[in-house]
Undergrad: 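Pasting a structure below so you can have a look.
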Amino acid sequence: MKDLSAMDNTSNEAFRLLKQLSVHLEQEDKYQPREKGLILIESTAENDNTICPKSRNLKVEDLWSLTNFFGLSMETFVLAVNILDRFLAIMKVKPKHLSCISVCCFQLAAQVVEEDCDIPSIHDVIRISQCKCTVSDIKRMEKIISEKLHFEFKATTALTFLHLYHTIVLCHSSERKEVLSLEKLEAQLKACNCRLIFSKAKPSVLALCLLTLEVETLKSLELFEIALRVQKHSKVNDKDMLYWRELVSKCLADYSSPECCKPDHKKLVWIVSRRTAQNLHNSYYSVPELPTIPEYGYMNESER
(Lines give C-alpha, C1' and ligand atoms only; values in the text may rest on other atoms or scores of the structure.)
Protein backbone atom coordinates (compact mmCIF):
# COMPACT_ATOMS: atom_id res chain seq x y z
CA MET A 1 0.00 0.00 0.00
CA LYS A 2 1.36 3.43 -0.94
CA ASP A 3 2.04 5.99 1.72
CA LEU A 4 -0.01 9.19 1.55
CA SER A 5 3.07 11.28 0.78
CA ALA A 6 3.86 9.02 -2.19
CA MET A 7 0.46 9.28 -3.87
CA ASP A 8 0.44 10.75 -7.37
CA ASN A 9 -2.10 13.45 -6.63
CA THR A 10 -0.25 14.81 -3.57
CA SER A 11 -0.27 18.60 -3.79
CA ASN A 12 1.55 21.25 -1.80
CA GLU A 13 -1.55 21.53 0.39
CA ALA A 14 -1.57 17.79 1.06
CA PHE A 15 2.14 17.85 1.91
CA ARG A 16 1.55 20.74 4.33
CA LEU A 17 -1.27 18.80 6.01
CA LEU A 18 0.88 15.70 6.45
CA LYS A 19 3.67 17.78 7.93
CA GLN A 20 1.18 19.35 10.32
CA LEU A 21 -0.11 15.88 11.23
CA SER A 22 3.42 14.71 12.06
CA VAL A 23 3.91 17.68 14.40
CA HIS A 24 0.68 16.95 16.27
CA LEU A 25 1.51 13.24 16.52
CA GLU A 26 4.76 14.17 18.27
CA GLN A 27 2.93 16.47 20.69
CA GLU A 28 -0.17 14.46 21.61
CA ASP A 29 1.36 12.53 24.53
CA LYS A 30 2.31 15.79 26.21
CA TYR A 31 -1.33 16.87 26.51
CA GLN A 32 -2.90 13.55 27.39
CA PRO A 33 -4.30 13.11 30.93
CA ARG A 34 -2.18 10.92 33.19
CA GLU A 35 -3.47 7.37 32.77
CA LYS A 36 -2.89 6.34 36.40
CA GLY A 37 -5.04 9.22 37.57
CA LEU A 38 -7.84 8.31 35.15
CA ILE A 39 -7.74 4.67 36.27
CA LEU A 40 -8.03 5.84 39.89
CA ILE A 41 -11.17 7.87 39.02
CA GLU A 42 -12.59 4.87 37.11
CA SER A 43 -12.21 2.65 40.18
CA THR A 44 -13.90 5.12 42.54
CA ALA A 45 -17.37 4.26 43.81
CA GLU A 46 -20.13 6.86 43.68
CA ASN A 47 -20.46 7.17 47.46
CA ASP A 48 -16.80 7.95 48.05
CA ASN A 49 -15.76 11.46 48.98
CA THR A 50 -13.87 11.93 45.74
CA ILE A 51 -14.56 12.20 42.01
CA CYS A 52 -16.14 9.15 40.32
CA PRO A 53 -16.76 8.57 36.59
CA LYS A 54 -20.44 9.54 36.83
CA SER A 55 -19.75 12.92 38.47
CA ARG A 56 -17.03 13.67 35.93
CA ASN A 57 -19.27 12.72 33.01
CA LEU A 58 -22.13 14.86 34.29
CA LYS A 59 -19.80 17.85 34.56
CA VAL A 60 -18.67 17.32 30.98
CA GLU A 61 -22.30 17.36 29.86
CA ASP A 62 -22.72 20.62 31.77
CA LEU A 63 -19.66 21.97 29.95
CA TRP A 64 -21.34 21.21 26.65
CA SER A 65 -24.53 22.93 27.82
CA LEU A 66 -22.49 26.00 28.80
CA THR A 67 -20.68 25.97 25.45
CA ASN A 68 -24.02 25.75 23.67
CA PHE A 69 -25.65 28.46 25.78
CA PHE A 70 -22.89 31.00 25.17
CA GLY A 71 -22.60 30.07 21.49
CA LEU A 72 -18.95 29.05 21.69
CA SER A 73 -17.12 26.62 19.44
CA MET A 74 -16.71 22.86 19.60
CA GLU A 75 -12.98 23.51 20.02
CA THR A 76 -13.64 25.36 23.28
CA PHE A 77 -15.69 22.44 24.62
CA VAL A 78 -13.09 19.79 23.70
CA LEU A 79 -10.26 21.87 25.14
CA ALA A 80 -12.23 22.48 28.37
CA VAL A 81 -12.70 18.71 28.74
CA ASN A 82 -8.99 18.15 28.11
CA ILE A 83 -7.99 20.70 30.77
CA LEU A 84 -10.51 19.22 33.22
CA ASP A 85 -9.29 15.63 32.74
CA ARG A 86 -5.62 16.59 32.91
CA PHE A 87 -6.23 18.37 36.20
CA LEU A 88 -8.41 15.62 37.72
CA ALA A 89 -5.81 13.02 36.74
CA ILE A 90 -3.09 14.66 38.87
CA MET A 91 -5.10 16.09 41.79
CA LYS A 92 -7.31 14.51 44.42
CA VAL A 93 -10.50 16.58 44.15
CA LYS A 94 -13.55 16.63 46.40
CA PRO A 95 -16.94 16.54 44.64
CA LYS A 96 -17.94 19.88 46.20
CA HIS A 97 -15.12 21.60 44.29
CA LEU A 98 -15.89 20.04 40.90
CA SER A 99 -18.35 22.73 39.78
CA CYS A 100 -15.83 25.48 40.42
CA ILE A 101 -13.07 23.53 38.65
CA SER A 102 -15.19 22.81 35.57
CA VAL A 103 -16.21 26.47 35.25
CA CYS A 104 -12.53 27.47 35.47
CA CYS A 105 -11.64 24.95 32.74
CA PHE A 106 -14.42 26.40 30.59
CA GLN A 107 -13.09 29.94 31.10
CA LEU A 108 -9.47 28.92 30.41
CA ALA A 109 -10.46 27.11 27.21
CA ALA A 110 -12.52 30.06 26.01
CA GLN A 111 -9.57 32.39 26.62
CA VAL A 112 -7.38 30.20 24.41
CA VAL A 113 -9.85 29.58 21.58
CA GLU A 114 -12.34 32.44 21.33
CA GLU A 115 -11.98 36.07 20.32
CA ASP A 116 -11.83 38.43 23.29
CA CYS A 117 -15.23 39.89 22.44
CA ASP A 118 -16.83 36.42 22.54
CA ILE A 119 -15.46 35.28 25.90
CA PRO A 120 -18.28 35.29 28.49
CA SER A 121 -17.68 37.33 31.62
CA ILE A 122 -16.98 35.39 34.80
CA HIS A 123 -20.10 36.93 36.38
CA ASP A 124 -22.29 35.60 33.56
CA VAL A 125 -20.78 32.12 33.70
CA ILE A 126 -21.24 31.98 37.48
CA ARG A 127 -24.90 33.00 37.12
CA ILE A 128 -25.69 30.53 34.36
CA SER A 129 -23.71 27.56 35.70
CA GLN A 130 -25.00 28.11 39.24
CA CYS A 131 -21.64 26.85 40.50
CA LYS A 132 -22.11 28.72 43.81
CA CYS A 133 -18.68 30.28 43.52
CA THR A 134 -17.54 33.86 43.85
CA VAL A 135 -15.34 35.63 41.33
CA SER A 136 -12.42 35.39 43.77
CA ASP A 137 -13.03 31.61 44.05
CA ILE A 138 -12.81 31.29 40.27
CA LYS A 139 -9.67 33.42 40.08
CA ARG A 140 -8.02 31.41 42.85
CA MET A 141 -8.91 28.08 41.23
CA GLU A 142 -7.75 29.29 37.81
CA LYS A 143 -4.36 30.06 39.35
CA ILE A 144 -4.13 26.57 40.88
CA ILE A 145 -5.09 24.84 37.61
CA SER A 146 -2.69 27.02 35.60
CA GLU A 147 0.23 26.24 37.90
CA LYS A 148 -0.49 22.51 38.06
CA LEU A 149 -0.70 22.29 34.25
CA HIS A 150 2.30 24.62 33.80
CA PHE A 151 0.14 27.11 31.84
CA GLU A 152 0.04 24.64 28.91
CA PHE A 153 -3.52 24.97 27.63
CA LYS A 154 -3.24 25.04 23.84
CA ALA A 155 -3.43 21.27 23.62
CA THR A 156 -3.46 18.79 20.77
CA THR A 157 -6.83 17.04 21.11
CA ALA A 158 -8.89 14.43 19.27
CA LEU A 159 -10.68 17.33 17.56
CA THR A 160 -7.33 18.53 16.20
CA PHE A 161 -6.79 15.14 14.57
CA LEU A 162 -10.40 14.80 13.45
CA HIS A 163 -10.19 18.07 11.49
CA LEU A 164 -6.82 17.11 10.03
CA TYR A 165 -7.89 13.59 9.06
CA HIS A 166 -11.10 14.90 7.50
CA THR A 167 -9.19 17.49 5.43
CA ILE A 168 -6.52 14.98 4.38
CA VAL A 169 -9.08 12.40 3.26
CA LEU A 170 -10.99 14.95 1.19
CA CYS A 171 -7.74 16.29 -0.25
CA HIS A 172 -6.96 12.84 -1.68
CA SER A 173 -10.52 11.90 -2.59
CA SER A 174 -12.64 12.46 -5.66
CA GLU A 175 -15.82 12.22 -3.56
CA ARG A 176 -17.98 15.27 -2.90
CA LYS A 177 -17.14 17.11 0.32
CA GLU A 178 -20.68 16.61 1.62
CA VAL A 179 -20.26 12.82 1.64
CA LEU A 180 -18.02 12.78 4.73
CA SER A 181 -19.74 15.08 7.20
CA LEU A 182 -17.42 16.84 9.63
CA GLU A 183 -20.43 18.00 11.65
CA LYS A 184 -21.50 14.39 12.20
CA LEU A 185 -17.97 13.36 13.19
CA GLU A 186 -17.81 16.23 15.69
CA ALA A 187 -21.14 15.17 17.21
CA GLN A 188 -19.80 11.64 17.62
CA LEU A 189 -16.63 12.95 19.26
CA LYS A 190 -18.78 14.97 21.65
CA ALA A 191 -20.53 11.73 22.69
CA CYS A 192 -17.17 10.10 23.37
CA ASN A 193 -15.96 13.11 25.38
CA CYS A 194 -18.90 12.55 27.74
CA ARG A 195 -17.42 9.15 28.69
CA LEU A 196 -14.34 9.15 30.91
CA ILE A 197 -12.89 6.01 29.34
CA PHE A 198 -12.11 7.79 26.06
CA SER A 199 -9.77 10.20 27.84
CA LYS A 200 -7.43 7.20 28.12
CA ALA A 201 -7.30 6.80 24.33
CA LYS A 202 -4.66 8.59 22.33
CA PRO A 203 -6.37 11.55 20.59
CA SER A 204 -5.07 10.40 17.18
CA VAL A 205 -6.47 6.89 17.72
CA LEU A 206 -9.86 8.12 18.93
CA ALA A 207 -10.20 10.45 15.94
CA LEU A 208 -9.13 7.70 13.54
CA CYS A 209 -11.69 5.28 15.01
CA LEU A 210 -14.47 7.82 14.44
CA LEU A 211 -13.28 8.46 10.89
CA THR A 212 -13.00 4.79 9.88
CA LEU A 213 -16.36 3.87 11.43
CA GLU A 214 -18.05 6.66 9.50
CA VAL A 215 -16.24 5.69 6.27
CA GLU A 216 -17.49 2.12 6.71
CA THR A 217 -21.09 3.32 6.91
CA LEU A 218 -20.60 5.24 3.64
CA LYS A 219 -19.39 2.05 1.90
CA SER A 220 -16.87 3.97 -0.20
CA LEU A 221 -13.88 1.87 -1.23
CA GLU A 222 -11.87 4.96 -2.15
CA LEU A 223 -12.41 6.63 1.24
CA PHE A 224 -11.68 3.37 3.03
CA GLU A 225 -8.32 2.99 1.25
CA ILE A 226 -7.38 6.59 2.05
CA ALA A 227 -8.35 6.06 5.70
CA LEU A 228 -6.04 3.01 5.84
CA ARG A 229 -3.20 5.14 4.46
CA VAL A 230 -3.92 7.76 7.12
CA GLN A 231 -3.69 5.01 9.75
CA LYS A 232 -0.37 3.84 8.34
CA HIS A 233 1.02 7.38 8.24
CA SER A 234 -0.13 7.95 11.84
CA LYS A 235 1.59 4.70 12.90
CA VAL A 236 -1.50 3.40 14.66
CA ASN A 237 -1.32 -0.38 15.02
CA ASP A 238 -4.26 -2.67 14.28
CA LYS A 239 -4.48 -3.94 17.87
CA ASP A 240 -5.12 -0.44 19.26
CA MET A 241 -7.54 0.31 16.46
CA LEU A 242 -9.61 -2.82 17.07
CA TYR A 243 -9.74 -2.24 20.82
CA TRP A 244 -10.85 1.38 20.65
CA ARG A 245 -13.10 0.96 17.61
CA GLU A 246 -15.17 -1.58 19.50
CA LEU A 247 -15.57 0.79 22.45
CA VAL A 248 -16.36 3.77 20.21
CA SER A 249 -18.88 1.75 18.22
CA LYS A 250 -20.65 0.67 21.42
CA CYS A 251 -20.65 4.24 22.74
CA LEU A 252 -22.20 5.60 19.54
CA ALA A 253 -24.81 2.82 19.53
CA ASP A 254 -25.73 3.65 23.13
CA TYR A 255 -25.74 7.35 22.39
CA SER A 256 -28.11 6.99 19.45
CA SER A 257 -30.61 4.95 21.46
CA PRO A 258 -33.78 6.73 22.63
CA GLU A 259 -33.00 5.81 26.26
CA CYS A 260 -29.83 7.89 26.26
CA CYS A 261 -30.07 11.37 27.80
CA LYS A 262 -28.04 13.54 25.45
CA PRO A 263 -26.50 16.88 26.47
CA ASP A 264 -28.13 18.56 23.47
CA HIS A 265 -31.60 17.42 24.44
CA LYS A 266 -31.53 17.31 28.23
CA LYS A 267 -33.16 20.14 30.09
CA LEU A 268 -30.70 22.64 31.49
CA VAL A 269 -30.29 22.40 35.23
CA TRP A 270 -30.58 26.18 35.59
CA ILE A 271 -33.50 28.54 35.05
CA VAL A 272 -32.68 32.00 33.74
CA SER A 273 -34.83 34.59 35.48
CA ARG A 274 -35.84 37.84 33.77
CA ARG A 275 -33.58 39.78 36.10
CA THR A 276 -30.59 37.54 35.32
CA ALA A 277 -31.35 37.63 31.61
CA GLN A 278 -31.34 41.43 31.58
CA ASN A 279 -27.85 41.42 33.08
CA LEU A 280 -26.47 39.00 30.47
CA HIS A 281 -24.82 39.97 27.23
CA ASN A 282 -27.41 40.34 24.46
CA SER A 283 -25.84 37.62 22.34
CA TYR A 284 -26.26 35.05 25.15
CA TYR A 285 -29.90 35.45 25.90
CA SER A 286 -32.77 37.73 25.04
CA VAL A 287 -36.04 38.22 26.87
CA PRO A 288 -38.96 37.85 24.45
CA GLU A 289 -41.01 41.02 24.18
CA LEU A 290 -43.77 39.54 22.01
CA PRO A 291 -46.34 36.98 23.12
CA THR A 292 -45.71 33.39 22.05
CA ILE A 293 -47.53 32.33 18.89
CA PRO A 294 -49.72 29.28 19.65
CA GLU A 295 -48.44 26.26 17.76
CA TYR A 296 -51.68 24.31 17.64
CA GLY A 297 -54.31 27.04 17.77
CA TYR A 298 -57.07 27.71 15.25
CA MET A 299 -57.47 31.18 13.82
CA ASN A 300 -60.47 32.68 12.08
CA GLU A 301 -60.16 34.31 8.69
CA SER A 302 -59.82 37.87 10.05
CA GLU A 303 -56.96 36.84 12.38
CA ARG A 304 -55.15 35.23 9.46
Side-chain angles (χ1 to χ4, degrees), residues 23-24 26-41 44 50-53 55-161 193-194 196 198-200 202-203 281 284:
V23 170
H24 286 302
E26 289 175 8
Q27 293 178 343
E28 69 175 329
D29 288 341
K30 180 181 178 182
Y31 299 108
Q32 194 164 4
R34 189 178 293 175
E35 188 173 7
K36 286 183 179 178
L38 295 176
I39 292 171
L40 188 62
I41 296 172
T44 303
T50 186
I51 305 302
C52 66
S55 58
R56 176 269 179 198
N57 293 346
L58 287 172
K59 275 302 155 201
V60 170
E61 291 184 6
D62 286 345
L63 281 175
W64 175 250
S65 294
L66 274 177
T67 306
N68 225 12
F69 183 90
F70 288 106
L72 304 186
S73 65
M74 173 76 175
E75 189 180 351
T76 295
F77 166 68
V78 173
L79 185 57
V81 176
N82 174 267
I83 295 170
L84 176 66
D85 285 339
R86 283 162 61 200
F87 184 73
L88 294 180
I90 60 172
M91 299 295 292
K92 190 172 182 179
V93 174
K94 291 186 180 296
K96 65 181 180 181
H97 296 139
L98 189 54
S99 292
C100 182
I101 292 168
S102 64
V103 164
C104 289
C105 294
F106 176 76
Q107 283 292 104
L108 289 167
Q111 289 164 18
V112 171
V113 176
E114 307 292 340
E115 297 291 335
D116 289 345
C117 60
D118 294 327
I119 299 172
S121 74
I122 295 177
H123 293 88
D124 289 346
V125 176
I126 289 172
R127 281 197 195 98
I128 297 305
S129 66
Q130 294 187 356
C131 62
K132 298 178 182 177
C133 301
T134 64
V135 173
S136 59
D137 290 335
I138 299 292
K139 291 290 186 183
R140 196 159 51 246
M141 187 61 76
E142 276 188 7
K143 185 174 182 292
I144 294 170
I145 295 171
S146 299
E147 289 174 352
K148 292 298 179 183
L149 299 184
H150 309 292
F151 296 87
E152 294 175 338
F153 299 126
K154 201 169 184 180
T156 296
T157 65
L159 185 66
T160 309
F161 288 105
N193 276 325
C194 291
L196 176 67
F198 294 108
S199 295
K200 292 181 357 186
K202 276 194 170 186
H281 194 283
Y284 304 152

Undergrad: More than 12 heavy atoms of other residues, nucleotides or ligands under 6.0 Å from CG of D116: is that the case?
TA: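 Result for CG/D116: open.
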Undergrad: Nearest 0.5 Å, please: how far is SG in C100 from CE in M141?
TA: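 The CE atom of M141 sits 4.5 Å away from the SG atom of C100.
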Undergrad: What class does the angle between the rings of F77 and W64 fall in, given that below 30° is parallel, 30 to 60° is tilted and above 60° is perpendicular?
TA: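 Correct class here is perpendicular.
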Undergrad: Heavy atoms only: give me the nearest E75-L159 pair and the separation to one decimal.
TA: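 Smallest heavy-atom distance, with atoms named: CA-CD2, 3.4 Å.
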Undergrad: To the nearest 0.5 angstrom, please state how far the CD1 atom of I119 sits from the CZ atom of F106.
TA: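 Rounded to the nearest 0.5 Å, the CD1-CZ separation comes out at 10.0 Å.
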Undergrad: What's the separation between atom CG in L63 and atom OG1 in T76, rounded to the nearest 0.5 Å?
TA: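 Rounded to the nearest 0.5 Å, the CG-OG1 separation comes to 11.0 Å.
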Undergrad: Please lay out, stage by stage, how L196 and I41 fare under the test side chain to side chain contact (heavy atoms under 4.5 Å, CB included).
TA: CA-CA 9 Å; L196 176 67; I41 296 172; 3.6 Å; yes
Undergrad: Minimum heavy-atom separation for C105 to I83, with atom names?
TA: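 Nearest heavy atoms, C105 then I83: SG-CG2, 3.7 Å.
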Undergrad: For residues S129 and D62, determine if any side-chain heavy atom of one lies less than 4.5 Å from a side-chain heavy atom of the other.
TA: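 Of all side-chain heavy-atom pairs linking D62 with S129, none is under 4.5 Å.
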Undergrad: Heavy atoms only: give me the nearest T157-P203 pair and the separation to one decimal.
TA: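 In this case the closest contact between T157 and P203 is C-CB, 3.6 Å.
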Undergrad: Closest approach of I138 and I126, non-hydrogen atoms and distance?
TA: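 Result for this residue pair: CG1-CD1, 3.9 Å.
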Undergrad: Does the side chain to side chain contact (heavy atoms under 4.5 Å, CB included) test come out yes or no for I51 and T44, once each step is laid out?
TA: CA-CA 7 Å; I51 305 302; T44 303; over 6 Å; no
Undergrad: Check the pair L88 / L98 against side chain to side chain contact (heavy atoms under 4.5 Å, CB included), numbers first and verdict last.
TA: CA-CA 9 Å; L88 294 180; L98 189 54; 4.1 Å; yes
Undergrad: Measuring only between side-chain heavy atoms, which start at C-beta, is P120 closer than 4.5 Å to L72?
TA: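 In contact.
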Undergrad: Indicate yes or no: at least one non-hydrogen side-chain atom of L58 is less than 4.5 angstrom from one of E61.
TA: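 With C-beta onward as the side chain, the pair touches.
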Undergrad: To the nearest 0.5 Å, what is the distance between CZ on R86 and CD on E152?
TA: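 Separation between the atoms: 6.5 Å.
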Undergrad: Would you say the side-chain atoms of D137 and T134 include a donor-acceptor pair closer than 3.5 Å?
TA: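 Per modelled atom types, D137 and T134 side chains form a pair under 3.5 Å.
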Undergrad: To the closest 0.5 Å, what do you measure between CD (Q107) and CG (L66)?
TA: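 Taking CD in Q107 and CG in L66, the distance rounds to 9.0 Å.
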Undergrad: Looking only at non-hydrogen atoms, find the nearest pair between A89 and P33 and report the distance.
TA: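 Residues A89 and P33, closest heavy atoms: CB-CB, 4.2 Å.
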Undergrad: Could you give all pairs that pass the side chain to side chain donor-acceptor pair (under 3.5 Å) test and reach residues 142-151, with sequence neighbours left out?
TA: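 Passing the test, one end in residues 142-151: K143-E147.
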Undergrad: Do you know which two heavy atoms are closest between S102 and K59, and how far apart they sit?
TA: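 Distance-wise, the nearest heavy atoms are OG-CD, 3.6 Å.
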Undergrad: Is there side-chain contact between S55 and P95, with at least one heavy-atom pair below 4.5 Å?
TA: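 The answer is no; the side chains never approach within 4.5 Å.
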Undergrad: Say you draw a straight line from OG1 of T67 to CG of L79; how long is it, rounded to the nearest 0.5 Å?
TA: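 So the gap between those two atoms works out to 10.5 Å.
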Undergrad: Atom CD of residue position E28 - does it have more than 12 heavy atoms of other residues, nucleotides or ligands inside 6.0 Å?
TA: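 It does: E28 CD has more than 12 such atoms within range.
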Undergrad: With a 4.5 Å cut-off on side-chain heavy atoms, are L149 and I90 touching?
TA: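 Heavy-atom side-chain distance check passes, below 4.5 Å.
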Undergrad: Run the numbers on D124 and F70 for side chain to side chain contact (heavy atoms under 4.5 Å, CB included), then give the verdict.
TA: CA-CA 10 Å; D124 289 346; F70 288 106; 4.2 Å; yes
Undergrad: Less than 4.0 Å between a side-chain N and a carboxylate O, is that true for R56 and D85?
TA: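 Salt bridge between D85 and R56, a charged N being under 4.0 Å from a carboxylate O: yes.
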